[in-house]
Amino acid sequence: MLVTKPKIVALVGPTGSGKTEWAKKLAQKFGAKIISADSRQIYKEMDIGTGKDKSFKQDLIDIVRPTKKFSVWDFQRLANGLINRYLNMKNLPILVGGTGLYLYAVLYGYVIPNLKEESEKLREKLAKIDSRKLYDQLKKVDSRAAANIDPRNKRRLIRALEISLLNLRPSESLGKKKRPPYKALIIGIKTDRQTLYAKIDARIDRMIKNGWVEEARNLLEKYRADLPAFSTIGYKEIIDYLKGRITLKEAIKKIKANTHDYVRRQETWFRKNKDIKWVEKYEEAEKLIKKFLNS
RNA sequence: GCCGGGUUAGCUCAGUGGCAGAGCAGUGGACUGAAAAUCCACGUGUCCGCAGUUCGAUUCUGCGAUCCGGCA
């Protein structure tokens, strides 16, 4: 006796690959609900620079102010809530995005215990210690986490230590997964590097013309420049320009280069994933989904 | 036509009579609470060509090619 699990679809790919455009069409075609998995489009007031498309309904876009702390834990909780709701309503949820960690946390059910307390002070204290010492300390309190982090990667060492010291995540949960109660079809958009870079560069020029600098200036007037939200590619370079550290031309050049680097990092997430069905054309994606829904 | 300057990595250029360098661009990888973040790794290319000097030439000399200035 076979019980069929409910089904969801995920559409993944690097920035500029056309995910949003495809999602819009798929939503119409299948009456599907689009859930964005993008760690930057969650922020309100950051529209131009994050490439938001507000011409159709997407969940998990524009949900927090740039000052708000938001992590994969929040994302996982919200996304799972929406997926369950849509499945109950017999709608097809489609998760669309390029943030590997967020996507995988949901699709593979990463076990992430609830963080009830947080210590800003502890983080500040740890930031003053050098990486080597942090690493040695982490080895003592959580050797499992230490084994998984490069001793030179200070940011991740700090994070792991915070969690261990505050005893928020029992070491055993690290790396644990809980199989989600649905079946997922993961579609990846195949792209040609050169073509993608050219498209991205043109898009960045267009975004600048559309007032990106103004958008960043307004944000800078309202909020502190060192918010995590402003570590977003583009905003950080434009802020450097607005503070007179570099010229606009240099900023644009850096934005392009950094976006290219980002594309490569994204592809590193997806490339080796055997679950992803890679397609070049939108029609192929439609076909795959039809087949999946009828299986 | 004459006079000068150049020709070295995809681009801009540094450099040396003894295994060829930098910046930028490019590439691969890691990833469970900041993730568009953070971190790691990757440089053989007729040093324009031919000949000469030399133990040895990308480097010095000659000739040629080519580009850029200036003068005609």
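Throughout, protein chains are lettered first and strands after them, A, B, ... in sequence-line order, and every chain is numbered starting at 1. All values reported here derive from a predicted model rather than from experimental measurement.
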Touch class at under 4.0 angstrom, heavy-atom based, for A:Gly234 against every strand present: nothing

Among B:A25, B:G29, B:A34, the one nearest A:Arg40 by side-chain distance: B:A34

Pairing of A:Asp130 and A:Lys128 as salt bridge, 4.0 angstrom limit: no

Candidates B:A35, B:A34, B:C39 - which lies nearest the side chain of A:Trp269: B:A35

Whole-Å C1' distance, B:A65 and B:C48: 8 Å

A:Lys154 side chain vs A:Ala127 backbone, donor-acceptor pair below 3.5 Å: yes

Who pairs with B:A65 - Watson-Crick or G-U, where each distance is under 3.5 Å: B:U7

Options B:C31, B:C39, B:G26, nucleotide nearest the side-chain atoms of A:Asn153: B:C39

Paired nucleotide for B:C2 [Watson-Crick or G-U wobble; both distances under 3.5 Å]: B:G70

Pair A:Asp136 + A:Arg132, salt bridge at N-O below 4.0 Å: yes

Nearest-neighbour nucleotide for the A:Thr99 side chain, B:C24, B:A35, B:C31 considered: B:A35

Residue pairs, two or more places apart or on separate chains, that pass ring-ring contact (aromatic ring centres under 6.0 Å, His included) and touch residues 204-242 of chain A: A:Trp212-A:Tyr235

Check: A:Ile149 main-chain N/O paired with A:Asn153 side-chain donor or acceptor under 3.5 Å: no

Identity of whatever pairs with B:A35 - Watson-Crick or G-U, under 3.5 angstrom: none

Separation of the P atoms in B:C71 and B:U8, to the nearest angstrom: 27 Å

Pair A:Asp38 + A:Lys19, salt bridge at N-O below 4.0 Å: no

Under 3.5 Å on both distances, the Watson-Crick or G-U partner of B:U58: none

Between B:G10 and B:U44 - P atom distance, rounded Å: 11 Å

Sugar-phosphate only, base, or nothing, as touched by A:Arg193 at under 4.0 Å among non-hydrogen atoms: sugar-phosphate

Nucleotide opposite B:A41 in a Watson-Crick or G-U pair, distances under 3.5 Å: B:U27

Base paired to B:U12 (Watson-Crick or G-U; both N/O distances under 3.5 angstrom): B:A22

Euclidean distance, atom CG of residue A:Asn273 to atom P of B:G29 [Å, nearest integer]: 13 Å

Nearest-nucleotide pick for A:Lys236, side chain only, options being B:G26, B:C40, B:U38: B:U38

Candidate nucleotides B:U27, B:A34, B:A35, ranked by approach to the side chain of A:Tyr102 - the nearest: B:A35

Under-4.0 Å salt bridge between A:Arg217 and A:Glu214: yes

Atom C1', compared across B:U27 and B:G43: separation rounded to whole Å: 11 Å

Atom pair distance, as rounded to whole Å: CD1 in A:Ile233 and P in B:U38: 9 Å

Residue A:Thr268, side-chain atoms from C-beta onward, closest of B:G29, B:C40, B:A34: B:G29

Touch class at under 4.0 angstrom, heavy-atom based, for A:Tyr108 against every strand present: nothing

Rounded interatomic separation in angstrom, taking CG from A:Asp261 and C1' from B:G26: 10 Å

Distance between P atoms of B:U12 and B:C67 (Å, rounded): 16 Å

Given RNA chain B, 5'-ward residue of the pair A:Lys154 and A:Ser71, judged by closest heavy atom: A:Ser71

Separation of atom NZ in A:Lys256 from atom P in B:A25, rounded to whole Å: 13 Å

Test: A:Lys25 cationic atom under 6.0 Å from A:Tyr282 six-membered ring centre, within 45° of axis: yes

Whole-Å gap separating P (B:C31) and CD (A:Glu267): 17 Å

Sugar-phosphate only, base, or nothing, as touched by A:Thr15 at under 4.0 Å among non-hydrogen atoms: nothing

Touch class at under 4.0 angstrom, heavy-atom based, for A:Arg271 against every strand present: sugar-phosphate

Nearest-angstrom distance from the residue atom CD of A:Gln266 to C1' of B:U27: 16 Å

Sugar-phosphate only, base, or nothing, as touched by A:Ala257 at under 4.0 Å among non-hydrogen atoms: sugar-phosphate

Sugar-phosphate only, base, or nothing, as touched by A:Tyr197 at under 4.0 Å among non-hydrogen atoms: sugar-phosphate

A:Tyr43 side-chain proximity, nearest of B:A35, B:U27, B:G29: B:A35

Rounded distance in Å between the C1' positions of B:C13 and B:G45: 15 Å

